[in-house]
Amino acid sequence: MSTLARDLTLYTLGRLALVAVVTVALVLFDVPLLVSLAVAVVVGFPLGLLVFRGLNSRVTAGLAERGASRAETRDRLRRELRGEE
């Protein structure tokens, strides 16, 4: 598995776990489940940006690198189709 795939998986699972933890905490305070889940999504995902800042940076860098690689490949293929190489 590539580093980007691993980092993206960890980041996604971490953010979902954070939402789950906030949901459980709110349910323990007798907040209804659906309301707890809605509040957890609104609070948990932005909080995940702060809590997992380093992992977020690695994912962003990996996605940028992959995008640049794909753009380079696409440009090369277009040049070949035009007969420039």
Side-chain angles (χ1 to χ4, degrees):
M1 184 185 319
S2 71
T3 303
L4 175 61
R6 185 195 70 222
D7 289 344
L8 189 57
T9 301
L10 288 174
Y11 185 64
T12 302
L13 290 175
R15 288 183 72 175
L16 289 173
L18 188 61
V19 168
V21 167
V22 172
T23 301
V24 168
L26 290 173
V27 167
L28 290 176
F29 286 104
D30 293 327
V31 178
L33 179 62
L34 288 178
V35 174
S36 297
L37 187 59
V39 170
V41 167
V42 170
V43 171
F45 282 134
L47 186 61
L49 290 173
L50 296 173
V51 172
F52 303 116
R53 185 176 297 163
L55 193 53
N56 184 9
S57 297
R58 290 198 320 246
V59 168
T60 302
L63 288 173
E65 181 180 310
R66 183 170 182 241
S69 172
R70 289 182 61 158
E72 180 182 321
T73 302
R74 184 178 57 243
D75 291 342
R76 181 183 51 79
L77 288 172
R78 284 183 180 161
R79 285 193 307 272
E80 287 178 11
L81 286 171
R82 286 192 303 256
E84 294 177 3
E85 286 191 20

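Leu28 forms part of a hydrophobic cluster together with Val24, judged by ILVMFWY side-chain heavy-atom separations under 4.5 Å.
Remark: Arg82 CZ to Leu77 CG distance equals 11.0 Å, nearest 0.5 Å. Considering CG of Asp7 and CG of Asn56, their distance stands at 10.5 Å, rounded to 0.5 Å.
Cluster annotation: Leu26 and Val43 are assigned to the same hydrophobic cluster (Ile/Leu/Val/Met/Phe/Trp/Tyr, side-chain heavy-atom contacts under 4.5 Å, transitive). Following chains of ILVMFWY side-chain contacts shorter than 4.5 Å, one cannot reach Val41 starting from Val51, and the two form parts of different hydrophobic clusters. In the hydrophobic clustering of ILVMFWY residues, with side-chain heavy atoms under 4.5 Å counting as a link, Phe52 and Leu49 come out together.
Taking the charged nitrogens against the carboxylate oxygens, Arg76 and Glu72 have no contact shorter than 4.0 Å, which rules out a salt bridge.
Taking Thr12 as the reference, Leu8, Leu16 meet the side chain to side chain contact (heavy atoms under 4.5 Å, CB included) condition, with sequence neighbours excluded. By the salt bridge (Lys or Arg N to Asp or Glu O under 4.0 Å) test, Arg15 pairs with no residue at all, sequence neighbours left out.
Ser36 places a side-chain N or O within 3.5 Å of a backbone atom of Val31 that can act as its donor or acceptor partner. Under the 3.5 Å distance criterion, the side-chain polar atoms of Thr9 are matched with a main-chain donor or acceptor of Ala5.
Within 6.0 Å of the CG atom in Leu50, the count of heavy atoms belonging to other residues, nucleotides or ligands exceeds 12.
Residues Leu55 and Arg58 have side chains in contact (heavy-atom distance under 4.5 Å, counting atoms from C-beta outward). Counting heavy atoms from C-beta outward, Thr23 and Leu33 have side chains that approach closer than 4.5 Å.
In this structure, Val59 and Tyr11 approach most closely via the heavy-atom pair CG2-CB, 4.1 Å.
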